[in-house]
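Computation of the quantities below employed the complete heavy-atom set of this structure, encompassing side-chain atoms and omitting hydrogens, waters and symmetry-equivalent molecules. Chain A is the first sequence line, chain B the second, and so forth, proteins listed ahead of strands; every chain is numbered from 1.
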Amino acid sequence: MRISSVLVVDDEPDIRALCKLSLERVGGWLTFLAASGQEALELAEARQPDVILLDVMMPGMDGPTTLHALKNRGSTAGIHVVFLSAKIQKHEMQGYKDLGAAGVITKPFNPMTLPRELQRTIDAELAL
Amino acid sequence: MKQPALPEDELQRLHALRRYGVLDSQIEQVFDEFVVLVAKTFDVPIALISLVDSERQWFKARVGIEGSETPREVSFCGHVVADRDPLIVEDTLEDVRFFDNPLVTGGPKIRFYAGAPLLTPEGYILGTFCVVDQKPRTLRADQLETLQLFARQVMRILELRREAALSAIYRRLFETTKAFVAIVSQQGTILEVNRVWSDRLGLSPEENALRGWFKLAVPEDGSKILQAFEIAKAGGVGEFELRMRAKAGDICWVSWHVTEDTNEGFLYCVGHDVTASIKAAEEAARVARMKSEFVSVVSHELRTPLTAVQVALGLLDGGVVGELSGEPREMVQIALVGAKRLARVIDDILDLRDVESGLLKLDLQDVELSGVARRAIADLHAEDDRARVVLEAPEPLWVRLDPESLYQILTNLLSNAIRFSPSGLPIGVRIEQRGPSARVSVSDCGPGIPEAFQARVFEPFAQADASDVRRKNGAGLGLSIAKALVERLEGKIHFSSTENEGTTFHLEFPCVLAPSEVLQ
């Protein structure tokens, strides 16, 4: 699957803006932005992006909670979700995958390679 | 003269004698009246209560004789102790054992002696009750019986007094010990407690007894008491820790053990106040938790803006928001390198926290060392094209550890070695068997570690020279993390260093069998 649209979910406006620049200009993808888990659920349902890039640590509904909600709705269950997280331990990575995430991109990420990394993560998941 | 022999149980006998605490004691009327009574009864000038000590006989009471002791070897009473029988000598001058005894030839010129043993309930003979005359005499059987009866009376008094003294000592022990002590019935009713209870819990003994264990303890701990009592009743030692409510409202942690007295059917409970050490441990855990949380929060707060900085610089550098060239691009690249270095320091601080606090989860596997080393070396070569690392691993060696942790240890040691090696000179990695262990050595050709700094090499943020230009990459945490990881993996890390020749770090882990050997 070639990615053509991404929903970025992060409570930090700067990070959202920078992700959008990277994904649109480097990746050439259509990018949607959500500032919270709740907003992500609505946008995911309305826009049906190929991938959701989801921050783990957010006030209110955090990343794992949002993922759980997405996977439990028929209309969003099929969307690939990649976590955006601080440096993590190996066992945490497995925990995220068990929740249904395709992978994890760690912060700080390289904006010049972010689209490539996302594509590689999705390819790896589909190959399984 | 025949000297008295020593009985077989002499040591135990002397110990028994000393436990009565009567040797060299003050004159006491009750014993003085006894000797007078016996002298009159037997119509003799001399009567004695004699205790046979190791080197002497000492008179607890005497009538008709000067001096309070004589040497044991000339004593008549010593023979009673040795022979365990009453001794009657009707005429000392006719007896080969005594005719030349100084007490016979000189004062008090003994001609007649009769002594009855002072026998303890355990069967030791402490001495005699004896009668002495300066002329020959006989003693009828019924008279000997009377003398023995007096001897038993003396023993009874000594016995009663010892018991009273002991019970006073035990009482004082009970009251002066700093341990909690309680005597409890089979049903768990508190029969007696010592003063520590009222001092520490602020309750009178009556209040303690009335309230009982269950009201004094925090409710959740109640079941522990019953379990410990059951263990004690089955002949074991019941142990439990109890949170007890002091009158002032604070909680007192007491560590108890309970034993049963099967004769009386009592349970004896002894407890130590461990509140201070438990509070200290709780405080230490609280501080460690706070420290760990603080590190998490700070690093998250640092990482978020740092991510923005690094990503924004990355976009500028990548020309995504307009082409940059010349000095502006150079400036952006300098800023980007700085941002990356800062991110690495934060990662290192978090790593060290995870390893030291035990947050790091280990995935233990049987691992072949050279495979992990090759991966670490390849990644290093990919990152730094000037790095040259030479691996020597003559044979495959297997160890049981977490491969990711080993990878990180090797990466940290390698980047440390690179930092201190003159460029162009290779770093050596050697993997070999040393006795039961596998050893991994990482050697550089750097300047060596100054002797004054060697003790601090593994300390966080330690640098041999703060102005050192070589600290281009590290924050000084790499070796601290390596050491903490090695210790988590139950291995050893040490180093040897020679000035101007280089430094070698050694890792050691116990070898395990290769999987193929295990199958065979």
Side-chain angles (χ1 to χ4, degrees), chain A residues 6 8-29 31 33 35-36 53-60 62-64 82-98 104-118, chain B residues 295-323 332-333 335-355 357-365 402-408 485 488:
Chain A
V6 183
V8 176
V9 189
D10 201 308
D11 59 311
E12 292 284 336
D14 293 345
I15 304 290
R16 288 198 300 275
L18 290 163
C19 283
K20 187 175 160 74
L21 269 175
S22 162
L23 298 171
E24 284 184 347
R25 306 233 182 142
V26 181
W29 299 339
T31 306
L33 301 177
S36 68
L53 186 56
L54 179 59
D55 187 29
V56 171
M57 249 210 253
M58 291 187 292
D62 66 1
V82 176
F83 274 126
L84 189 56
S85 160
K87 187 174 181 296
I88 54 165
Q89 288 183 24
K90 203 177 160 196
H91 73 274
E92 292 173 305
M93 170 79 93
Q94 193 52 51
Y96 290 151
K97 287 195 171 162
D98 292 344
V104 179
I105 303 265
T106 54
K107 284 181 184 175
F109 52 88
N110 181 344
M112 302 311 293
T113 56
L114 175 65
R116 212 184 311 152
E117 261 188 85
L118 268 177
Chain B
V295 169
S296 296
V297 169
V298 167
S299 68
H300 181 249
E301 291 306 314
L302 289 173
R303 192 187 298 272
T304 304
L306 184 62
T307 300
V309 169
Q310 198 177 319
V311 172
L313 289 168
L315 289 167
L316 276 174
D317 181 51
V320 171
V321 287
E323 278 303 318
V332 165
Q333 281 173 343
L336 193 55
V337 168
K340 279 182 180 161
R341 198 170 125 191
L342 199 48
R344 194 145 142 190
V345 173
I346 296 173
D347 284 348
D348 280 357
I349 292 175
L350 281 180
D351 279 346
L352 188 59
R353 190 272 317 252
D354 286 351
V355 181
S357 67
L359 278 174
L360 177 76
K361 297 264 191 321
L362 299 179
D363 177 18
L364 294 181
Q365 302 172 11
D402 172 38
E404 286 313 308
S405 297
L406 176 63
Y407 172 85
Q408 194 178 354
L485 281 170
R488 269 297 297 279

| Does any non-hydrogen side-chain atom of B:L315 lie less than 4.5 Å from one of A:S22? | yes

| note | d(A:Q94 CD, B:K361 NZ) to nearest 0.5 Å is 14.0 Å

| said: Using heavy-atom distances under 4.5 Å, tell me whether A:N110 contacts chain B through its side chain, its backbone, both, or neither. | reply: neither

| Roughly how far, to the nearest 0.5 Å, is the OG1 atom of B:T304 from the NZ atom of A:K107? | 5.0 Å

| note | Rounding to 0.5 Å, atoms CG (A:D55) and OG1 (B:T307) come to a distance of 9.5 Å

| task | Against chain A, label B:A343 side chain, backbone, both or neither, depending on which of its atoms sit under 4.5 Å from a heavy atom there. | result | side chain

| task | Examine whether an atom of B:V321 lies under 4.5 Å from a heavy atom of chain A, and if so say whether it belongs to the side chain, the backbone or both; otherwise answer neither. | result | both

| request: Determine, stepwise, if the pair B:V320 / A:M112 fulfils side chain to side chain contact (heavy atoms under 4.5 Å, CB included). | output: CA-CA 8 Å; B:V320 171; A:M112 302 311 293; 3.5 Å; yes

| task | Could you tell me which portion of A:L18 (side chain, backbone, both or neither) has an atom closer than 4.5 angstrom to a non-hydrogen atom of chain B? | result | both

